[in-house]
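This report refers to the structure that appears directly beneath it.
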2 protein chains.
Amino acid sequence: MSANPDLLGKSRTAVFTPLYKQIKQLLVSSLEQGEWKPGELEFARNELAGRYHVSQGTVRKAIDELAGENLVVRRQGRGTFVATHQEPRAQFRFLRIVPDQGEPVAAHSRFLSCSRARADAEVAQRLGLRSGAAVIHVRRLLSFDEVPVVLDDLWLPAAIFKGLTAERLAAHHGPLYGLFESEFGTRMIRAEERLKALGADADTAAALKIDRGTPVLLVDRVSYTYGDRAVEVRRGWCLTDRFHYRNALS
Amino acid sequence: MSANPDLLGKSRTAVFTPLYKQIKQLLVSSLEQGEWKPGELEFARNELAGRYHVSQGTVRKAIDELAGENLVVRRQGRGTFVATHQEPRAQFRFLRIVPDQGEPVAAHSRFLSCSRARADAEVAQRLGLRSGAAVIHVRRLLSFDEVPVVLDDLWLPAAIFKGLTAERLAAHHGPLYGLFESEFGTRMIRAEERLKALGADADTAAALKIDRGTPVLLVDRVSYTYGDRAVEVRRGWCLTDRFHYRNALS
DNA sequence: TAGTGGTCTAGACCACATA
DNA sequence: ATGTGGTCTAGACCACTAG
């Protein structure tokens, strides 16, 4: 085949990196820089194969991995699209609290506060900021069928989420991550959670209308965007009397 | 190319099933029937391509999916192997409780009881048995560094785990699923868990050396083997003061 | 009808492990 | 040296969607 002037040769480097991995990285970089917005992706198999001077199969393998990491969505006959948290299929990817009985149901958010604050040592460390850096603190109550179930505290880097206010939060409908993605150009890719059981504190008890000390599920999350950059710390206290956290081990 | 007398034609059926899916299913059936034991897999790409009269790429795609589902493990230069719970890489796939500080550490099991029983309505339903069917009930205490952390109750279909006794459990070393796989020919493929926070009952409190009512994490699991057959119900009470349940959302 | 993703081929060569 | 998995090609055809 012809040369790939933009890419590394096949076996001339000290550490071998497959062609499709290089292509994937190029595509991720383009996504990261917002070259394509959520919606249709400007690349088709043939076009990219031409652009990078590789075969269609190699491009396909790169996109295979992007699809596996939920960065893009493929629809047969239509095209490949930048994934978005607005889509129904993404709704329950980051929401694991579901009712014991019946089908998963959409949650309703009520925002209790949204204010600028300074990151304490722990939040700063987890967000990769210096201690005392400006953050935005959001407190919200998640309800299912009018029943309050989760009290969430969020800490977001102010540098990224500048302009996030209680009003904008209240005006938004749909998943919070959908707002972050469309209004602040920050798309959550993955998250790590730590779960513990502990007794409800005063705030939690009041918000969830339970007694202090009632066992609640603490869900402690760090969310990451492109390039494994931590951009959200979230701590939720969940009442699990008629709800549970569901997880699949595979 | 030549015909595939054993497989469906490419586009002559009402519902189109890709060749590699058919091959994958054949391989899963062989695994299920124990045609290959954990250890080396008797197929190499070339051999299978010949056996099924398809190209190597198609066989590869079938094995790709098996590897993705952790049914087999590929090792470059060596071969493809039936996955086993004995391997180190599988150790923490079904064990999500880890210490808050420091690296994940191996757990130590102490078996408190192992007896035949009759399945109550709930366990029977979840195992796909009739109510009152014979099951084996195991109770064990999981400790990390001599500290008791999890009290587990297991219910297993007696028909499958016939001969499981406290002695055999005590004599075994390593993951429990390793024993099930090597001694009872039943390999756990995936599991579904429900997590709740609740107060410790008397048994749990005694075993974990805590007060009654102390918040503990309830981990309720159903495990499945080949063909999505439920073969274990497990309920664990976890003390999460210095440990947590970790989960990755992706 | 055209364009997209999805499958499949036949063969080549590279990377890695083992004997 | 041999055999394994891993990558890559160039092209073909099928399945699906939309104009």
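No hydrogens, no waters, no symmetry mates; every other heavy atom, side chains included, goes into these values.
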Protein-nucleotides 16-18 of chain C N/O pairs closer than 3.5 Å?
residue, atom, partner, partner atom, Å
C:dC16, O4', B:Q76, OE1, 3.3

Just to confirm, is there a sub-4.0 Å distance from OP1 or OP2 of [N] to any side-chain nitrogen or oxygen of [X]?
| X | N | value |
| --- | --- | --- |
| B:T80 | D:dG5 | yes |
| A:R74 | C:dT4 | no |
| A:K61 | D:dC8 | no |
| B:Y20 | C:dT7 | yes |

Pairs flagged by salt bridge (Lys or Arg N to Asp or Glu O under 4.0 Å) wherever residues 177-187 of chain B is involved - sequence neighbours left out:
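Matches after skipping sequence neighbours: B:R168-B:E183, B:E181-B:R187.
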Not counting sequence neighbours, list each pair that qualifies as a salt bridge (Lys or Arg N to Asp or Glu O under 4.0 Å) and has a residue in residues 94-104 of chain A.
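Found A:D100-B:K196.
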Those residues that, when tested against A:K21, pass salt bridge (Lys or Arg N to Asp or Glu O under 4.0 Å) (two or more places apart)
A:E65
Going by salt bridge (Lys or Arg N to Asp or Glu O under 4.0 Å), name the residues that satisfy it together with A:R126, two or more places apart in sequence or in a different chain.
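Result, salt bridge (Lys or Arg N to Asp or Glu O under 4.0 Å) vs A:R126: A:E122, A:D220.
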In whole Å, what is the span from the [atom1] atom of [X] to the [atom2] atom of [N]?
| X | N | atom1 | atom2 | answer |
| --- | --- | --- | --- | --- |
| A:D64 | C:dT7 | CG | C1' | 12 Å |
| B:R60 | C:dC14 | CZ | C1' | 13 Å |
| A:I23 | D:dT9 | CD1 | C1' | 13 Å |
| B:Q56 | C:dC13 | CD | P | 14 Å |
| B:F16 | C:dG5 | CZ | P | 17 Å |
| B:K21 | C:dC8 | NZ | P | 11 Å |

Among B:L141, B:I97, B:L142, which residue meets the side-chain contact (heavy atoms from CB on, under 4.5 Å) test with B:V149?
B:I97
Checking D:dC8, D:dT7, C:dG5 against the side chain of A:T58 (C-beta onward), the nearest is D:dC8
Which of the following nucleotides, C:dC8, C:dG5, D:dC8, is nearest to the side chain of B:L19?
C:dC8
Those residues that, when tested against [X], pass side-chain hydrogen bond (donor to acceptor under 3.5 Å, both in side chains) (two or more places apart):
| X | answer |
| --- | --- |
| B:E193 | B:R221, B:Y245 |
| B:Q25 | none |
| A:E69 | A:K24 |

Counting heavy atoms not belonging to B:R75, are there more than 12 under 6.0 Å from its CZ?
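Yes, enclosed.
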Dot-bracket encoding per residue of DNA chain D, Watson-Crick/G-U cut-off under 3.5 Å, | denoting interstrand:
||||||||||||||||||.
